[in-house]
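As the structure lists them, so they are numbered: ligands from 1, and atoms in each ligand from 1. Sequence positions, counted from 1, serve as the residue numbers for this chain.
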Amino acid sequence: MSTEMQKYIDEAEQALLHTYNRYQVVFDRGEGVYLYDTDGKRYLDFVSGIAVFALGYRNEAYNGALKAQIDKIIHTSNYYYNMPAIEAAKKLKEISGMDRVFFTNSGAEAVEGAIKTARKYAYLKDGKTDHEIIAMNHSFHGRTMGALSVTGNPHYREAFEPMIGNIRFADLNDFDSVMAQVTDKTCAILFETVQGEGGIYPATEEFMRKVRVLCDERDILMILDEIQCGMGRTGTMFAWERYGVRPDVMAVAKALGCGVPVGAFLMTEKVGANSLVAGDHGTTYGGNPLACAAVSKVIDLFQEQDVLSNVKRVGAYLEKQLDGIAAEFSCVEARRGVGLMQGIVLDRPVGGIITEAMERGLVLINAGTSIIRFVPPLVITEEHVDEMISILRKSLQACEA
Ligand SMILES: *Cc1c(COP(=O)(O)O)cnc(C)c1O
């Protein structure tokens, strides 16, 4: 590292609150699926800002749409209509089959909105305020108090207790554990269709179907967090499409704006007509013209570039190559994932391997202490996978030695 970059890092540590143990690199710019640091060193990016920058960096059509919107209008209030929000909401309805959209600034806020929706829906039925939500162990839904309350990792929650209350935890893919938490106060069952931070655990089809039936029978809302696994990452626009069931409410963010901070919670007409009304919820920035111009263009580009086909093809290839790595290295215990959301499970902490890869020009990220996660831009090719595998192999060899 140059003394110049070291100076930037020292400055960062003087100014920023230390809430991340950051990798020792200052990124400067991006080009396609590559990042460059301030020394000009190139890195293949298999993180994409944690499943955000799906279309690659410096995508001309995307950048152009944002520049045009900046020169028109960046922000107005949600007390008025604006064209980008209208366009984005229409397109989001179309690709999701959901009926109502509320734009937020982040994933956590989309989860907050989903929680408020569920509580209001139940409140309108019986006028009570003691409803419960079932969430999953090892889940991750964000860092705000509501989202934290449904995050199934006690370590994240402990210092910030008390949580919002009336949250019960069950295990993903263990339907009996969900049944054990159901009471007549249950208003929602919330989970990630594919758990991300918790270690890349896809929900099983049996679990999805049983939860759907249970929710239908008892008028409980099925809320899916598609913030990381949605927007094409698993080869369908939303991960739940693979299971033939539809949620009542869903949260999206991350790749939704491909880098412009934006999220959304969506719901069916039935939920929309029986939950939040004027005055119940709002946001200053959420769904502003700049953010929605990004959403609108992202959805167009997904279609024009047939991103889903690419994810299916390259995702299958990535899966095969990672299975090869798992067979080759005794420290790799398993591979899990769907499409371009993959993880390999190691018998040791992965921090050293990720640092090794970084030195060799590959950006990777962990999920928990012992899992390396692969969430590259959705426009990567087989050649990029080969390049990644070759660096990964050397990094694993260096750490096994
Ligand atoms: C990232 C993430 C969130 C939180 O999103 P933020 O934009 O960081 O608030 C919530 N749920 C899942 C599944 C995520 O991956």
Quiz prompt | Derivation of the side chain to side chain contact (heavy atoms under 4.5 Å, CB included) call for L256 and L92 | solution = CA-CA 9 Å; L256 177 65; L92 203 45; 3.9 Å; yes
Practice problem: Please state whether the rings of F102 and F265 are parallel, tilted or perpendicular, taking 30° and 60° as the class boundaries. | Solution: parallel
Quiz item: With sequence neighbours excluded, what pairs up with D323 under the salt bridge (charged side-chain N to carboxylate O under 4.0 Å, His left out) test?
Solution: R335
Quiz item: Are T193 and E226 close enough that a side-chain donor and a side-chain acceptor fall under 3.5 Å?
Solution: yes
Sequence neighbours excluded and cut-off under 3.5 Å, please list the side-chain donor-acceptor pairs for residues 83-91, or say none.
| unit_1 | atom_1 | unit_2 | atom_2 | d |
| --- | --- | --- | --- | --- |
| K91 | NZ | S296 | OG | 2.7 |
| K91 | NZ | D300 | OD1 | 3.1 |
| K91 | NZ | D300 | OD2 | 3.1 |

Exercise. Quick one: list whatever passes ring-ring contact (aromatic ring centres under 6.0 Å, His included) with Y57, sequence neighbours left out.
Key: F53
Quiz item: Listing by chain and number, which residues have a heavy atom under 4.0 Å from ligand 1?
Solution: S106, G107, A108, F140, H141, G142, E192, D225, I227, Q228, K254
